[in-house]
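For reference, the structure discussed in these notes is given below.
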Amino acid sequence: MREGWLLDIYPDGNDMVLWVTRGGSARSFRIHYPPYFYVSASEGRLDALRGGMEEEEVSISTGYELKRTRIRDYERRRVLRVEVESGRFNYLIPRIQSLEERGYRFFNVDVPRAQGFLYERDLFPMGRVSFSSLGSDIESLDDRFSTDYVPPPLKEVRMDVQPKTSINAAVESIRFEGEEEFELDGGNEGERILDAVGALDELDPDVVYLTGRDLSQISRRAAARGISSELRFGRDKTRALSRGRGKSYFSYGTVYYKQPYSPFFGRMRIDPENSFMYEDSGMEGLVELARLTKIPLQKSSTTSPGTGISSMQIDQAYRDGLLIPWRKQEPEEFKSALQLLECDRGGFIFEPGKGFYTGIGEIDFASMYPSIMERHNISPETVLCDCCDGADAPSVPECGYHICTRRRGLIPKVIAPLLERRAYYKEQVRRGVEGAPGYDMRQKAIKWLLVTCFGYLGYKNARFGRVEAHEAVTAFGRDKLFKSARAAEEAGYEVLHGIVDSLWLKRGGATEDDYEELCERIEGVTGLRISLEGIYRWIVFLPSKMDPQVPVLNRYFGTFEDGEIKARGIELRRSDTPGIVKRAQLEMLNALSEARDLEEYVERIGRCVSIIRRYSRWIREGDVDVEDLIISRRASKAPWEYSNLSSIAVSSLKLHRTGKTVKPGQFIGYVVTDSSSPDPWERVEPVEFYEEGSRYDADKYIDDVIRAGATLFEGLGYGYEFMRSLVTDGSRQRTLA
DNA sequence: CATTCGCGGGG
DNA sequence: GTGTACGCGAATG
């Protein structure tokens, strides 16, 4: 075997271990690649450092290279590359950190080693490679930016552990599903676990689907049986399962929980329930992501898209001979994307009055912010560059910053192929071309890379962030939205509202063709792609609490001409709304979708009342699935840190009491058992303990359904109380019952 | 009533 | 990459 797909790569001592698969059969080889970093300092001090390192034998080798050390500086300078014995790397970190105070600057210290290897060797995970029999030279047979690549034929297996009562419960059976299905339930617990290791060896899959929860259970039980070191689920028999703890971290005002990363060395373990990318865009999306970002698939399946775009930027820096500073140099004020979004709200004012409209068209810019960065060459080093003169370089609207005309920025270099690629995939899907289902998953994966790249420009600790670049993007955005609105008005449209990358317009009798024509005009004016999202039969913008006369943009719903429903911010979009409530609200929206005007809309309140009554009956009579009653929320604190005995606090405390650890950021599902009980402990039950057929608070769920119905008539003079009175109207209810 | 808590949004 | 939007609705005490 001399060819295959690069499946997995990880450091081991001073080597990198590479696994190449042909689908169910893989082989590995090692390439010498010790950890290294770069140092810059004045000439004399660099020589002194080199001498010192060699004398103390902390380095394997040192050598001078010419590299760029600052993104805004294009001159290559002499820097020292230091290769270190892997065992001494961690010991060295605090020592070199102290040297920073004495004028030394360190680079590429915290670049993940596997990725660094791939950047340098021009290889990428999931790419086709050839190698010599000894494995000493490996070569890419693939183009990272090709769109018609052959994805690796991966052999897959699903593993499932029973029982799931507790993460500490003894493993009674492990089920395998792949080419064949079988269950390991004989022998004692330790034997069952070791049989699972043996079964993987025999099946030899490339991909193992196994949830983090099940893996933790196996890991804990193996520890209890003293066989942790025998948990070698990977192809690499020298590496046992690592036992990490999950981590909670804070981001954008929310606590997130990150599962411990426990890779299967030489295979890929995918957690189908805790991989955002897998859930959103499947294995096709993950393969696309790993190829583009160079983060080994197993790892990128657990990380955020932001890590992916960051990796692509570092890869570009390697290409440009630019070193990666250890820590970001210039800390600056951080403004979140959403904060800016808030500022933009003042851009256009809604006409006051009722929130019900008919004949409204919505047009949206495609990937607006990334397109602006690409088109206007916005990057940390191009905005207010040192090489161009402010007078003749193009300038940013409002703030007047000039942008470099001599050099293409690092960020646009990364974004351009992504935009082009996504547009190509979307076009293929639209035309129904063969391979299109996979193309749709691929374009979705790219979408997330594009969405995050703007946020990173304004994030003060991002490696390639700069607040002025961030400002430039939003300034261009406002300018383009404003110009679009003007173009729309010139074409006879009334601009109802505009926000960031969307405009809601009205012109009596305007057809799809009219809107397409307008979009073309706007593309001409702004240079960006814009398209018709759809023409609404009707749309309702819910009133703001601050000023009930003014509708708000983050809570609205409506029906397009083709009957498709679009809703934002209402119950059915919330992840903590129980399924039964979501279904009822969606059914009501469908009933309303046929309405042609306000009168017809209001008339249909009767149908909504019937729907609510039907759901009430189901709920009251116990004709519902437990699944549909579960409320799922993210715990922001440890169980004992809550100040109120709220539903989430009680649920996490109940779990905690029985030894199920609940980390901040983890999702907790619970059923409301008796919301009005004076004893908070009686009010809710976590799903883990909730038994089929036990009681739930029917009144509470019915109330939620009524509320969800009332939302659809909010601002039209019918509130919750009114809806409730219609539903509970005695005589009619008796007729129904 | 004040306070606490979790969610949204990009396709 | 540990970044602490901000407005809202619902629940607690």
Side-chain angles (χ1 to χ4, degrees), chain A residues 110-112 247-256 258 280-281 303-307 309-311 314 326-328 331-343 345 364-370 422 426 429 440-441 443-456 458-465 499-502 531 533 542-546 552-555 566-571 573-577 631-637 641-650 652 664-665 667-668 672 675-676 678 680 683-684 700 703-704 707-708 710-711 714 720:
Chain A
D110 49 358
V111 174
K247 271 205 313 202
S248 300
Y249 65 98
F250 193 88
S251 170
Y252 275 114
T254 303
V255 181
Y256 293 91
K258 196 173 185 302
D280 188 64
S281 45
T303 56
S304 69
T307 319
I309 198 75
S310 183
S311 175
I314 298 173
W326 190 358
R327 278 180 300 267
K328 217 266 182 185
E332 266 166 321
E333 279 297 297
F334 174 75
K335 252 186 175 179
S336 84
L338 276 114
Q339 204 178 337
L340 285 146
L341 209 123
E342 293 297 320
C343 301
R345 289 224 168 122
D364 299 337
F365 283 102
S367 299
M368 186 198 227
Y369 285 164
R422 176 151 188 254
K426 282 178 79 169
V429 173
D440 195 40
M441 299 305 241
Q443 71 87 8
K444 275 163 101 179
I446 299 172
K447 177 195 74 189
W448 287 111
L449 291 176
L450 290 170
V451 164
T452 42
C453 70
F454 165 68
Y456 271 49
Y459 166 40
K460 68 170 178 281
N461 289 325
R463 282 186 162 115
F464 301 105
I499 182 170
V500 187
D501 57 358
S502 309
S531 62
E533 168 82 350
L542 290 178
S544 141
K545 287 285 142 164
M546 307 293 281
V552 292
L553 259 175
N554 50 6
R555 296 182 72 218
K566 179 169 178 179
R568 291 293 179 268
I570 63 173
E571 287 84 348
R573 294 285 298 188
R574 292 179 65 101
S575 62
D576 60 347
T577 304
I631 295 171
S632 169
R633 296 185 128 165
R634 201 192 287 274
S636 66
K637 305 174 191 312
E641 286 173 337
Y642 285 93
S643 43
N644 296 340
L645 285 173
S646 61
S647 310
I648 194 94
V650 168
S652 57
F667 281 95
I668 294 179
V672 181
S675 65
S676 53
R683 290 175 194 158
V684 294
K700 197 264 170 203
D703 206 54
D704 282 357
R707 255 175 233 285
T711 297
E714 210 178 290
Y720 160 76

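Predicted, not measured: the structure shown is a model, and the values here were computed from it. Numbers restart at 1 for each chain; the letters A, B, ... are given by sequence-line order, proteins then strands.
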Among dG1(C), dT12(C), dG11(B), the one nearest Asn644(A) by side-chain distance: dT12(C)

Phosphate OP1/OP2 of dA11(C): any Lys700(A) side-chain N/O under 4.0 Å: yes

Protein-nucleotide distance (Leu542(A), atom CG; dG9(C), atom P), rounded to Å: 9 Å

Ser310(A) side-chain N/O to dG1(C) phosphate OP1/OP2 under 4.0 Å: no

Any side-chain heavy-atom pair of Ile314(A) and Phe464(A) under 4.5 Å: yes

Nearest-neighbour nucleotide for the Leu645(A) side chain, dG6(B), dG13(C), dG11(B) considered: dG13(C)

Ala366(A) vs Arg574(A), nearer the 5' end of DNA chain B by closest nucleotide: Arg574(A)

Which nucleotide in dG10(B), dG13(C), dT12(C) has an atom nearest any side-chain atom of Pro680(A): dG13(C)

Interatomic distance where CD belongs to Glu641(A) and P belongs to dG6(B) [whole Å]: 11 Å

N/O (side chain, Arg634(A)) to phosphate O (OP1/OP2, dG8(B)) under 4.0 Å: no

Base dG6(B) to side chain Ser646(A), donor-acceptor N/O within 3.5 Å cut-off: no

Side chain of Asp576(A) (C-beta onward), nearest among dC5(B), dC7(B), dG10(B): dC7(B)

Out of dG8(B), dG13(C), dG9(B), whichever nucleotide has its closest atom nearest the side chain of Arg573(A): dG9(B)

P spacing across the pair dG11(B) / dT4(C), given as an integer number of angstrom: 24 Å

Glu571(A) versus Thr711(A), side-chain donor and acceptor atoms under 3.5 Å: yes

Derivation of the side chain to side chain contact (heavy atoms under 4.5 Å, CB included) call for Tyr642(A) and Ser652(A): CA-CA 10 Å; Tyr642(A) 285 93; Ser652(A) 57; 4.0 Å; yes

Of the listed nucleotides dC5(B), dA10(C), dG1(C), the one nearest the side chain of Arg707(A): dA10(C)

Side-chain donor-acceptor pair present, Tyr369(A), Asp501(A), cut-off under 3.5 Å: no

Euclidean distance for C1', dG8(B) against dT2(C) (whole angstrom): 22 Å

Main-chain N/O of Gly306(A) paired to Ser310(A) side chain as donor or acceptor, under 3.5 Å: no

Distance in angstrom units between Asp440(A) CG and dG11(B) C1', rounded: 10 Å

Distance, P atom - from dG3(C) to dG9(B), rounded to whole angstrom: 26 Å

Lys447(A) side chain, from C-beta outward: closest of dG11(B), dG10(B), dC7(B): dG11(B)

Rounded interatomic separation in angstrom, taking CG from Asp501(A) and C1' from dG10(B): 8 Å

Nearest-nucleotide pick for Tyr642(A), side chain only, options being dC7(B), dC5(B), dG11(B): dC5(B)

Nucleotide dC8(C), atom C1' - distance to CD of Glu714(A) in whole Å: 11 Å

Heavy-atom check, side chain of Asp110(A) versus side chain of Arg463(A), under 4.5 Å: yes

Contact under 4.0 Å: Ser675(A) side-chain N or O vs dA11(C) OP1/OP2: no

From dA11(C), dG9(B), dC5(B), nucleotide with atom closest to Arg568(A) side chain: dG9(B)

Atom-pair distance (CE on Met368(A); P on dG11(B)), nearest Å: 11 Å

Interatomic distance, Glu571(A) CD vs dG6(B) P [rounded to whole Å]: 19 Å

Expected output: side-chain Arg422(A) to main-chain Gln443(A) donor-acceptor under 3.5 Å: yes

Distance in angstrom units between Ile570(A) CD1 and dC7(B) C1', rounded: 14 Å

Listed nucleotide nearest any side-chain atom of Arg555(A), set dG11(B), dG1(C), dC8(C): dC8(C)

